[in-house]
2 protein chains.
Amino acid sequence: MDNKKIEKISRALSDTSRIAILQEFKKKKDCLYCAEVNDLLDLTQPSVSHHLKQLVDAELLLPQKEGRNLKYVLNQQILNEYIDCLNDLKD
Amino acid sequence: MDNKKIEKISRALSDTSRIAILQEFKKKKDCLYCAEVNDLLDLTQPSVSHHLKQLVDAELLLPQKEGRNLKYVLNQQILNEYIDCLNDLKD
DNA sequence: TACATATATCGAAACATTTAAATATTTGAA
DNA sequence: TTCAAATATTTAAATGTTTCGATATATGTA
């Protein structure tokens with residue numbers, strides 16, 4: 001993972017709304033629906049859409065269309081790669 | 001570590017210059033001098049000072065004055081706490 | 001004390017981010 | 001086909017970030 005990618009993921013993580021979205025996955029079993037995120041945050045629908053887009057662009061979330069609905073799964077692989085880079089900073 | 005702190009550390013990490021500073025610690029034994037960071041980056045001294053300030057404000061770097069010079073050590077503890085929070089997002 | 005070196009702060013320009021209102025697109029259902 | 005629901009895009013305002021030049025502050029040295 002190059003530094004531009006680390007920068008992009010870090011920026012996606014640098015907002016409490018987006019952190020809250022990611023944390024919500026712990027409470028759900030495996031996926032989160034777009035509509036659930038709208039309910040979770042005290043923001044308008046376009047703002048939530050904007051935040052979700054940044055998480056998807058950083059590849060932290062993988063979107064899956066289900067008819068009219070959109071569900072997301074957490075991309076554990078990219079999260080692991082990011083954590084590995086941070087661990088590399090040590091020692 | 002609360003979400004505001006995660007946000008702050010993430011923001012500190014969301015810039016390739018600051019990532020490069022942190023990575024430079026791997027090449028040095030244990031600390032990095034301010035002047036070395038000025039040499040490392042292709043930026044003016046005030047810009048480098050600004051970046052270092054953000055890393056210090058996020059507590060990723062611990063500053064130590066040595067006469068006229070300033071040296072930094074990597075705060076491995078806060079980095080570990082941040083990594084723990086990211087690991088918590090999984091499963 | 002006077003000077004030089006190291007670092008920080010200020011002020012401003014350029015650019016990016018966050019947010020909401022309005023509107024558009026996509027898709028399922030009547 | 002028409003309507004309603006879910007999500008995305010556009011536009012614009014407010015705010016924050018990055019960078020530099022100029023200048024200030026702190027501290028070691030002659």
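Letters A, B, ... are given to chains in the order of the sequence lines, protein chains preceding strands, and every chain is numbered from 1.
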query = Got a donor-acceptor contact below 3.5 angstrom from the B:K5 side chain to the B:A58 backbone?
reply = yes

inquiry  = Just to be sure I understand the rule, does A:L43 reach a base, reach only the sugar-phosphate, or reach nothing, if contact means heavy atoms closer than 4.0 Å?
reply    = sugar-phosphate

inquiry  = Both B:E36 and A:H51 contact DNA chain C. Which one's nearest nucleotide lies toward the 5' end?
reply    = B:E36

key: Per-nucleotide protein contact string for nucleotides 9-14 of chain C, where B marks a base within reach and S marks sugar-phosphate only (heavy atoms under 4.0 Å, - for neither)   = B-----

Atom [atom1] of [X] to atom [atom2] of [N]: distance rounded to whole Å?
| X | N | atom1 | atom2 | value |
| --- | --- | --- | --- | --- |
| B:R68 | D:dT27 | CZ | P | 11 Å |
| A:L13 | C:dT18 | CG | P | 12 Å |
| A:D42 | C:dT18 | CG | P | 17 Å |
| B:N38 | C:dA8 | CG | P | 9 Å |
| A:L61 | D:dT7 | CG | P | 14 Å |
| A:L52 | C:dT18 | CG | P | 13 Å |
| A:D57 | C:dA16 | CG | P | 15 Å |
| A:D15 | D:dG16 | CG | P | 13 Å |

Of the nucleotides [options], which one has an atom closest to the side chain of [X]?
| X | options | value |
| --- | --- | --- |
| A:R11 | C:dA4, C:dT17, D:dT7 | C:dT17 |
| A:Y72 | D:dT29, D:dC20, D:dA8 | D:dA8 |
| B:K65 | D:dT27, C:dT26, D:dT7 | D:dT27 |

Distance test, side-chain N/O of A:R18 to OP1/OP2 of C:dT18, below 4.0 Å = yes

query = Is A:Q54 near enough to C:dT17 that one of its side-chain N or O atoms lies under 4.0 angstrom from OP1 or OP2?
reply = no

For residues [X] and [Y], determine if any side-chain heavy atom of one lies less than 4.5 Å from a side-chain heavy atom of the other.
| X | Y | answer |
| --- | --- | --- |
| B:Q23 | A:L89 | yes |
| A:S49 | A:Q45 | yes |
| A:L13 | B:I9 | no |

query = Closest approach of B:V73 and B:D30, non-hydrogen atoms and distance?
reply = CG1-O, 3.9 Å

task = Select from B:E66 and A:C34 the residue whose nearest nucleotide in DNA chain D is closer to the 5' end of that strand.
result = A:C34

message = Taking CG in A:D42 as the centre, count heavy atoms belonging to other residues, nucleotides or ligands within less than 6.0 Å. Is the count above 12?
response = no

message = For A:K53, is the NZ atom crowded, meaning more than 12 foreign heavy atoms sit under 6.0 Å from it?
response = no

